[in-house]
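Input: a single structure, listed below in structure tokens.
We count residues from 1, following the sequence as given.
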Amino acid sequence: MPTLLITAYAKAPQNTSMYENYKYAGIVLEIHKETHIIINAEFAFLTQLAQEFFKRMVIGYDFSKEIQPLIEKIAKDFLAPSQQAVIVALKTAHQRYQDNLEEGT
């Protein structure tokens, strides 16, 4: 397959619907193996709008590069109680991807 799927989780913020429904915030990314570009993404949000907004933020990002610019974009434009959970899960997924790249060399 030309793509791989990577997942990561972070604890959902307490006193939010996400916490009441899921307890954890899960992220799923489909990444093209050769270009390292995120081609699809999903996060455990309760609303379709939040899902679509998150997808637009991350699709097209080169996941082999430093994650900080994407984190800054999320911190600036994704103003929700789950923001920190999104960032933690994304950092975990990125580290897992980087480890996979290193193992492949």
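Partners of Tyr97 by side chain to side chain donor-acceptor pair (under 3.5 Å), not counting sequence neighbours, listed by chain and number: His36. Legend: residues meeting side chain to side chain donor-acceptor pair (under 3.5 Å) with Glu30, ordered by chain and number and at least two apart, are Thr3. By the side chain to side chain donor-acceptor pair (under 3.5 Å) test, Gln84 pairs with no residue at all, sequence neighbours left out. Residues meeting the side chain to side chain donor-acceptor pair (under 3.5 Å) test with Lys33, sequence neighbours left out: none. Residues passing the ring pair (Phe, Tyr, Trp, His ring centres under 6.0 Å) test with Phe54 are Phe43, Phe45, sequence neighbours excluded. Take Arg56 and apply the side chain to side chain contact (heavy atoms under 4.5 Å, CB included) test, not counting sequence neighbours, and it matches Glu52, Phe53.
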### Criterion side chain to side chain contact (heavy atoms under 4.5 Å, CB included) on Glu42 and Lys55, from CA distance to verdict
CA-CA 7 Å; Glu42 189 172 316; Lys55 285 175 98 166; over 6 Å; no

### Query
For Ile59 and Asn40, what are the C-alpha separation, side-chain angles and deciding distance, and is it a side chain to side chain contact (heavy atoms under 4.5 Å, CB included)?
CA-CA 6 Å; Ile59 288 177; Asn40 206 348; 4.3 Å; yes

Distance-only criterion, 3.5 Å: show the donor-acceptor pairs between side-chain atoms of residues 64-79 and protein atoms not counting sequence neighbours.
from: Ser64; atom 1: OG; to: Asp62; atom 2: OD1; distance (Å): 2.6
from: Lys73; atom 1: NZ; to: Met57; atom 2: O; distance (Å): 3.1

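Here Leu5 sits in one hydrophobic cluster together with Val28; the rule is ILVMFWY side chains under 4.5 Å apart, joined directly or through other members.
A heavy-atom distance below 4.5 Å is not found between the side chains of Gln95 and Lys91. Looking only at side-chain heavy atoms (C-beta outward), Pro2 and His32 come within less than 4.5 Å of each other.
Put simply, the side chain of Thr47 gets close to the backbone of Ala50: a donor and an acceptor are under 3.5 Å apart.
A continuous path of Ile, Leu, Val, Met, Phe, Trp and Tyr side chains, each step under 4.5 Å between heavy atoms, connects Leu101 with Tyr61, placing both in one hydrophobic cluster. Both Phe63 and Leu4 are assigned to one and the same hydrophobic cluster, defined by single-linkage of ILVMFWY side chains at heavy-atom distances under 4.5 Å. No single ILVMFWY cluster, assembled from side-chain heavy atoms under 4.5 Å apart, contains both Ile6 and Tyr9.
The nearest pair of heavy atoms linking Ala10 to Ala89 is CB-N, 3.9 Å. Listed here is the closest heavy atom pair of Leu90 and Leu29: CD1-CD1, 4.1 Å. The heavy-atom pair separating Ala93 from Ala8 by the smallest distance is N-CB, 3.6 Å.
From Ile38, atom CD1 reaches atom NE2 of His94 across 8.5 Å, with rounding to the nearest 0.5 Å. Taken from CD1 in Ile37 to CD1 in Ile31, the straight-line distance is 9.5 Å, to the nearest 0.5 Å.
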